[in-house]
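Below is one structure; the comments refer to it alone.
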Number of protein chains: 2
Amino acid sequence: MPARAATLTDVAKEAGVSLATASRALNGSDRVVRAELHARVLEAANRLGYTPNAQAQSMARGSSDLVGLLVNDIADPYFSTIAAGLASAAEEQGLLVMLCSTGGDPGQELELLAALRRQRGRAIVLAGSRIDDRAHLRKLSEQVDPFIEAGGRVAAISEPKLPVDTVVVDNKRAARDLAVRIGELGYRRPAVLTGPDELLVSRNRRDGFAEGWTGDAPIVVADEFNRDGGFNAMQRLVDSGPEVDCVFAVNDLMAMGAMAACRDRGIEVPRDLAVAGFDDISTLRDVTPALTTVRLPLTEMGRMALEMVLNDPVAKPRRRKVQGEVIVRESTPAR
Amino acid sequence: MPARAATLTDVAKEAGVSLATASRALNGSDRVVRAELHARVLEAANRLGYTPNAQAQSMARGSSDLVGLLVNDIADPYFSTIAAGLASAAEEQGLLVMLCSTGGDPGQELELLAALRRQRGRAIVLAGSRIDDRAHLRKLSEQVDPFIEAGGRVAAISEPKLPVDTVVVDNKRAARDLAVRIGELGYRRPAVLTGPDELLVSRNRRDGFAEGWTGDAPIVVADEFNRDGGFNAMQRLVDSGPEVDCVFAVNDLMAMGAMAACRDRGIEVPRDLAVAGFDDISTLRDVTPALTTVRLPLTEMGRMALEMVLNDPVAKPRRRKVQGEVIVRESTPAR
DNA sequence: TTGAAAGCGCTAACAC
DNA sequence: GTGTTAGCGCTTTCAA
């Protein structure tokens with residue numbers, strides 16, 4: 001057998017019909033093919049194990065059934081849950097997802113975006129925090145704009161920094177709500193474990209919490225936006241020895257790291273110190289003490305982004321705001 | 001501006017050279033283009049914001065830079081970690097990953113495999129447990145074989161049920177090792193919380209454990225292969241009231257579910273009951289009590305699969321065995 | 001070194 | 001209804 005897949009031409013020949021008829025019979029069109037020929041074509045296709053070449057189809061049709069998804073890190077449950085939502089919505093639409101994981105590296109982000117662009121998918125979804133860097137945002141636009149100009153569609157799941165349809169989590173508000181609840185629970189001296197300042201999520205969650213807090217301004221310790229960051233930040237916090245009765249880590253992974261650090265230092269959560277996170281990662285819903293956090297509809301957000309990006313484009317970018325819901329659990333008992 | 005991206009023809013025209021020259025200047029080839037023309041082409045391309053059309057390139061070249069990845073559920077940390085490994089290896093090779101998540105549904109798996117096949121990527125990686133179903137395996141082969149026949153490459157990360165290169169976890173052996181360790185720790189009456197019998201991973205882990213166990217055969221409770229399955233299985237186990245001093249859940253998610261069920265029933269882990277899992281999901285490394293489990297090099301497995309699938313094909317499918325490492329933590333203290 | 005032209009596999013006018 | 005044919009954007013002989 002040849003190292004070559006059967007083509008439509010092969011099928012047409014085998015069925016004794018024209019290329020056009022074969023195309024119409026197999027891949028639909030308004031034109032109708034006589035039942036007999038139709039059957040003959042299907043049979044031939046079957047016999048030859050014919051599979052349409054989607055690349056050729058997109059070229060000829062001028063439209064593709066690929067959508068790109070760019071995330072910071074697909075191993076991070078935050079993004080993998082979004083990806084799952086987006087992928088399942090894509091499947092329903094008969095679309096295929098091209099996945100790129102940047103590792104949080106802006107340079108990589110640009111390169112992968114370019115790669116996605118080259119594939120001429122019908123849309124690209126950018127998930128992951130925008131960093132507050134004018135130069136980088138400009139470079140992103142240099143990729144995004146021509147893609148849109150050429151008929152592509154782009155949406156983001158992030159802080160609304162790019163002029164594209166965006167699913168935006170109201171981080172500030174949710175963090176504010178959380179601060180209020182923490183206050184109501186009787187805590188008096190909170191600390192915030194935050195990520196790098198350039199990361200907008202991180203900043204907004206921190207600021208939102210501070211806004212919602214009525215007592216003295218919380219102590220803030222910054223580190224990486226992941227588990228190890230939470231661990232390290234917590235260690236530094238403990239070592240600097242301030243009086244603190246509760247800690248808000250700006251995401252669940254950091255909160256887990258923080259709790260691990262507490263354990264290392266003999267601090268018992270929540271007896272000695274309360275801990276709260278953000279995201280409500282489902283894999284972590286069974287940890288003990290159960291983590292107080294802000295629930296985000298991650299799967300839904302992935303679906304929403306796909307929906308937006310498939311909608312007809314509008315002149316003005318749409319914003320779909322998503323609200324987080326404070327979930328109080330054992331890690332922040334009333335005191 | 002036109003809703004149409006600049007093409008190579010546009011660039012050639014703009015630079016006042018032939019199509020062929022433009023192609024050679026921009027997208028490399030053995031032929032060398034005179035420096036002056038080269039510069040002129042690059043400039044024109046830049047001015048026009050030209051991006052090569054990867055689809056057209058694949059068609060013309062007869063080879064694509066897409067690889068497909070089919071997983072059971074991208075939201076499951078097991079698969080998202082594998083995907084991360086594979087994606088990062090792919091990036092290094094300048095390849096793009098098309099991601100499909102089947103939801104564990106065999107029908108869906110077939111459809112998505114077909115979709116992947118249509119895209120004419122250079123390779124497809126199938127990650128996820130094979131179910132032991134002759135009819136389904138045959139249908140899979142009906143997709144896989146012609147793809148390979150036509151020059152495509154396929155690899156799997158699973159039990160070696162398909163005649164393709166496979167990264168295979170030695171589940172049986174690792175589970176056996178775990179059983180031995182559990183025995184050495186002083187446990188006497190274990191139960192196994194397993195998944196559906198058709199799932200080969202699930203079965204092999206269960207059987208491996210039983211093999212490694214020297215006392216009376218462990219009680220076995222089967223349910224779904226996920227968190228809720230662990231929860232439900234554990235409830236049923238408790239309700240049926242047998243004497244058990246330790247539980248092996250065949251994956252970490254089930255173990256988490258099992259621990260949650262214990263909490264519900266007032267059983268304290270590990271004081272009243274020890275629990276062990278399998279996979280060593282990184283998101284769960286900080287839970288308390290720390291989970292005894294079998295560590296799998298998931299990221300590495302993703303990389304390995306890509307590597308295999310890009311290697312020259314060999315007549316006989318390769319098998320790369322991966323060993324799990326038993327990690328004893330607090331959830332199974334010596335007693 | 002450069003250019004003209006023949007495909008790659010398919011769709012969509014356009015004719016019959 | 002069905003067939004012919006001109007593209008889609010690119011690479012790659014083959015000549016010049």
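Naming: A, B, ... by sequence-line order, numbering from 1 per chain.
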Query raised in the report: Using a cut-off of 4.0 Å between protein heavy atoms and nucleotide atoms, how would you tag nucleotides 8-16 of chain C 5' to 3' with B, S and -?
Result: BBBBBBB--
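A salt bridge does not link A/R320 to A/E300: none of the charged nitrogens lies less than 4.0 Å from a carboxylate oxygen. Under 4.0 Å is where a charged nitrogen must lie from a carboxylate oxygen, and between A/R318 and A/E307 no such pair does. Electrostatic pairing of B/R34 and B/E36 counts as a salt bridge here, judged by a charged N lying under 4.0 Å from a carboxylate O.
B/E198 places no side-chain N or O within donor-acceptor distance of the main-chain N or O of B/D132, the cut-off being under 3.5 Å. Side chain of B/R153 to backbone of B/A123: no donor-acceptor contact under 3.5 angstrom is found. Put simply, the side chain of B/S101 gets close to the backbone of B/I74: a donor and an acceptor are under 3.5 Å apart. A distance-only check finds a donor-acceptor pair linking the side chain of B/S141 to the backbone of B/L137 [under 3.5 Å]. Looking only at distances, no side-chain donor or acceptor of B/S23 sits under 3.5 Å from a matching main-chain atom of B/L19.
Residues satisfying the side-chain hydrogen bond (donor to acceptor under 3.5 Å, both in side chains) test with A/D73, not counting sequence neighbours, are none.
If you check residues 34-41 of chain A against DNA chain D, the residues with a heavy atom closer than 4.0 Å are A/R34, A/L37, listed by number.
Think of the region where chain B sits on DNA chain D: with heavy atoms and a 4.0 Å cut, that region ends 5' and 3' at D/dG9 to D/dT13.
For the pair B/T21 and C/dT2, the criterion of a side-chain N or O lying under 4.0 Å from OP1 or OP2 is not met.
Atom CG of A/L26 is separated from atom OG1 of A/T21 by 10.5 Å, given to the nearest 0.5 angstrom.
When all heavy atoms of B/T166 and B/P160 are compared, the closest pair comes out as CG2-CA, 4.2 Å.
Summary for the helix from C/dT1-D/dA16 to C/dC16-D/dG1: the axes at its two ends, each from 5 pairs, differ by 40° when rounded to the nearest 10 degrees.
Pairs engaging residues 95-124 of chain A under the salt bridge (Lys or Arg N to Asp or Glu O under 4.0 Å) rule: A/E109-A/R130 [sequence neighbours left out].
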